[in-house]
S.K.: 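Here it is, the structure in full.
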Amino acid sequence: MPLRVTTRFASFIFLTLLVVGLGALQPAPAAARSAEYDRFDVQLTVLEDGTFRIVETQTVRFEDGPFSQGHRSIPLARIAGVENIAASELVDGNLIPFTEAALIEYDTFQVKRSSTEIDIQWLFAPADDEVRTFVIEYDLVGALRYYPEIDPPNQQVWYIPIGSALTSETPVNAGTFTLIFPEPVDAASVVLMVDGEQVTELPLVTDDNQEFIFEHGGFRSGESWEIRIQTDVVALDAEVPAWQTADDERRQRAEDQANRDAQIAGFAAIGAIGLAIFGGLAIFLLWYLRGRDPHTGAVASFLPEPPDDTPPAVVGVLIDERVHPHDIVSTFTDWGRRGYLAIQESGGGSTMELLKEPERPSRFESALKGIIFPSGAGQTVGFGNARQALKTHEKTLETALYQEVEERGYFRKSPEWTRNRWVTIATIITSLSIVGGILGSMLISSWIVLPAAVVTILSIALRLAARVLPQRTRAGAEAAAKWRAFERYLRDLEKYDSLDTAKANFERFLPYAIAFGIETEWVNRFNRAGYAPTPTWYDNTDFGEAWERIPGERRRPNRPVIVTTGGGGTQWGGGDGDFNFPDVNLPDLQDTSRKAAQGIGGASRGSVDFLNVLGAILEVVSIFAGGGGKGGGSGGGGGGFK
């Protein structure tokens, strides 16, 4: 074997042995320390005066100690006091008592008192892996319940020998509870309850009927064991404890409340079901009677011409009952094709000019003209100023459109007014149901929340239903049906007509396509067919280039639009134009322009012209985007070791 290889092999062996050796030097993981009760046996002796003498024998298994301290807590509820506390250890059958001290040495114990419990702590010789037995003793004064006024009189022992605090802190594998009375009891007088359930079969009872022995297997963490036993009077010197009357009254109130809750729960469930059924039916009837459009007669499946001369923005609101950016864009487009509006882009920026006053303008058109062109015909406005004006008067334009569809007799009330009315009613109902549910659960029963929750859900359903509650009149329903027939024609043009025939109406129908929200399909359909529509009212001449204009007539472009693409958006017009689409989510028209620009190699010049100018106008009116809809015993306690 060559030396170089031998050296490497030796190094490998050395490193391997070093790692193994270092691993062997590491201390083994420490085993988990644990202490658990193999048994926890409790003996309760009822003395003649009603005092409970408690003796707890705790058999504890320790593992991986050392352990040297234990504790046991005693709740002070439903007793008059705790006396005669003692602690000891059982060693080889002999009871070795501990001395009460400050826990400075082994075989001592200390008692700590608070307003709610007494904690007994004891110190013992360290325990590692072994079983030790400790005995804790104490007297519970005034713990026996006594009812001398009942016929026949009786006494009751309510006790928790092993409580949830104890089993949560330290595992308990088994336990017994021995109850010793001062006198023999009449078995016929015994009423027994274990963990809240009445038991008819008595446990192990001694022949003299003085000792009752209860057994329990392993406890789950947090499990509690409560024994209640009623007998005839056996503690002859006992008195009624001072706490008993108040505790009985509290329990009676709780029982009465539980009974009321049971009754209220039934009524609440029935009421909730009834509210859900009748409330849902009421909302449906509200729509059926107040929101559903009247039945109209037969309407043609499609119409190749607009049914009438209703402005496209009004048609848009008639169809979907809301004001959208498309409605504003459709109006600008309609003004352009009718010779009222011209748009120019040059090195100085993008502008709109009102060439002449619209003829017989609608309410909305008058409002829009007054906002964008307050000086009337001949005024030129930059896109930035137009956008600011629209932003300032957004609500005015919305109101004008809603009022117009109402004044034309298409709706009984403005769709927005109807929606807002029912949304307000629904909001009031929601608020009242929430407040009523909270107050009802506090003052009456928590079950009141159930019908209140149903009312809240119904109010939310009413709020959602408000969207469809604007009701068209018969005239409005008939008009909407006709305009939908025209919309079907525009959507499925090839199904009903030929593109060659429709070319003549391309620009005339475009405003309605925009109002219907199908302008992308409309423009691209003709683009794919090779038809190049050029907007007669849009020009992008370079800055300083001459224009020929006939007063009152639409201007025509003298060269094509150039579109460039980039990561941040689409710039329309010449390379020095100042208008850019921001990198935000705008409605369909901007997306249309972007997609057309990305496919510019196969698109016709006129189609791109249209898409760009529509996207530009939409950017001006995008301020409108999305706007239109506007236990009872003593005992228990914890215990453990460390």
Side-chain angles (χ1 to χ4, degrees), residues 311-314 316-317 322-405 414 416 511 514-515 519 535 537-540 554-555 569 571-573 577-582 584-590 593 612-630:
V314 177
V317 179
R322 294 181 182 276
V323 175
H324 291 294
H326 287 78
D327 301 323
I328 315 298
V329 175
S330 69
T331 301
F332 284 131
T333 310
D334 190 45
W335 281 358
R337 77 166 187 87
R338 292 159 64 187
Y340 304 147
L341 181 72
I343 293 180
Q344 177 185 4
E345 185 195 1
S346 64
S350 307
T351 61
M352 291 188 295
E353 180 181 354
L354 187 67
L355 300 178
K356 60 181 179 180
E357 295 286 342
E359 298 176 3
R360 299 186 303 277
S362 65
R363 169 192 286 270
F364 167 72
E365 289 177 325
S366 296
L368 181 62
K369 184 192 74 69
I371 290 171
I372 304 299
F373 303 105
S375 299
Q379 183 178 1
T380 299
V381 179
F383 272 26
N385 292 334
R387 177 177 173 81
Q388 185 58 44
L390 288 171
K391 181 177 181 180
T392 303
H393 299 281
E394 172 188 0
K395 195 62 182 178
T396 300
L397 292 175
E398 286 186 357
T399 302
L401 259 179
Y402 286 129
Q403 287 180 347
E404 182 151 347
V405 294
S414 159
E416 185 73 348
I514 295 172
E519 71 290 330
W537 38 272
Y538 169 66
D539 178 71
N540 71 322
R554 287 169 285 176
R555 298 178 292 182
Q571 185 183 55
W572 65 282
D578 64 350
F579 185 92
N580 285 276
F581 289 120
V584 297
N585 292 324
L586 291 176
D588 294 339
L589 289 179
Q590 179 182 333
S593 180
N612 279 335
V613 71
L614 296 180
I617 298 174
L618 179 67
E619 170 62 16
V620 175
V621 302
S622 61
I623 187 67
F624 288 89
K630 304 248 181 188

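Fair warning: this is a prediction, and the values are worked out from it, not measured in the lab.
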S.K.: Nearest heavy-atom pair of R322 and Y402: which atoms, and what distance?
M.R.: CA-OH, 3.5 Å
S.K.: Between CD of E398 and CD1 of I328, what distance do you get to the nearest 0.5 Å?
M.R.: 8.0 Å
S.K.: Atom CZ of F373 and atom CG of L341: how far apart are they, to the nearest 0.5 Å?
M.R.: 5.0 Å
S.K.: For A515 and S330, work out which heavy atoms get closest and say how close.
M.R.: N-CB, 4.1 Å
S.K.: Rounded to the nearest 0.5 Å, what's the gap from CD1 on I514 to CD on E519? Could you check?
M.R.: 6.0 Å
S.K.: Does a salt bridge link E357 with K369, judged by any charged N lying under 4.0 Å from a carboxylate O?
M.R.: yes
S.K.: Can you tell me how far the CD atom of E416 sits from the CD atom of Q403, to the nearest 0.5 Å?
M.R.: 12.0 Å
S.K.: Where do I372 and A386 come nearest, in terms of heavy atoms and distance?
M.R.: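 The answer is CD1-O, 3.8 Å.
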S.K.: What closest approach, in Å, do G378 and E353 show between heavy atoms, and which atom pair accounts for it?
M.R.: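 In this case the closest contact between G378 and E353 is O-OE2, 4.0 Å.
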S.K.: For the CE atom of M352 and the CG atom of N385, what is their distance to the nearest 0.5 Å?
M.R.: 9.5 Å
S.K.: Do L397 and V323 come close enough that some side-chain heavy atom pair is under 4.5 Å?
M.R.: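 No, their side chains stay 4.5 Å or more apart.
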S.K.: side-chain contact (heavy atoms from CB on, under 4.5 Å) for T351 and V381? Distances and angles first, verdict last.
M.R.: CA-CA 5 Å; T351 61; V381 179; over 6 Å; no
S.K.: Assess the residue pair V405 and F364 against the criterion (side-chain contact (heavy atoms from CB on, under 4.5 Å)); give the C-alpha distance rounded to whole Å, side-chain angles, the decisive distance to 0.1 Å, and a yes or no.
M.R.: CA-CA 10 Å; V405 294; F364 167 72; over 6 Å; no
S.K.: Kindly indicate, with the supporting measurements, whether the criterion side-chain contact (heavy atoms from CB on, under 4.5 Å) is fulfilled by L390 and L368.
M.R.: CA-CA 8 Å; L390 288 171; L368 181 62; 3.9 Å; yes
S.K.: Might you point out which heavy atoms bring A313 and T331 nearest each other, and give the distance in Å?
M.R.: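 Distance-wise, the nearest heavy atoms are CB-OG1, 3.3 Å.
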S.K.: Can you name the closest pair of heavy atoms from E404 and V314 and give their distance?
M.R.: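 Where E404 meets V314 most closely, the heavy atoms are OE2-CG2, 3.4 Å.
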S.K.: Hey, does the side chain of Y340 reach the backbone of D334 with a donor-acceptor pair shorter than 3.5 angstrom?
M.R.: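 Side chain of Y340 to backbone of D334: no pair is present.
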S.K.: Report the distance from atom OG1 of T333 to atom CZ of R338, rounding to the nearest 0.5 Å.
M.R.: 12.0 Å
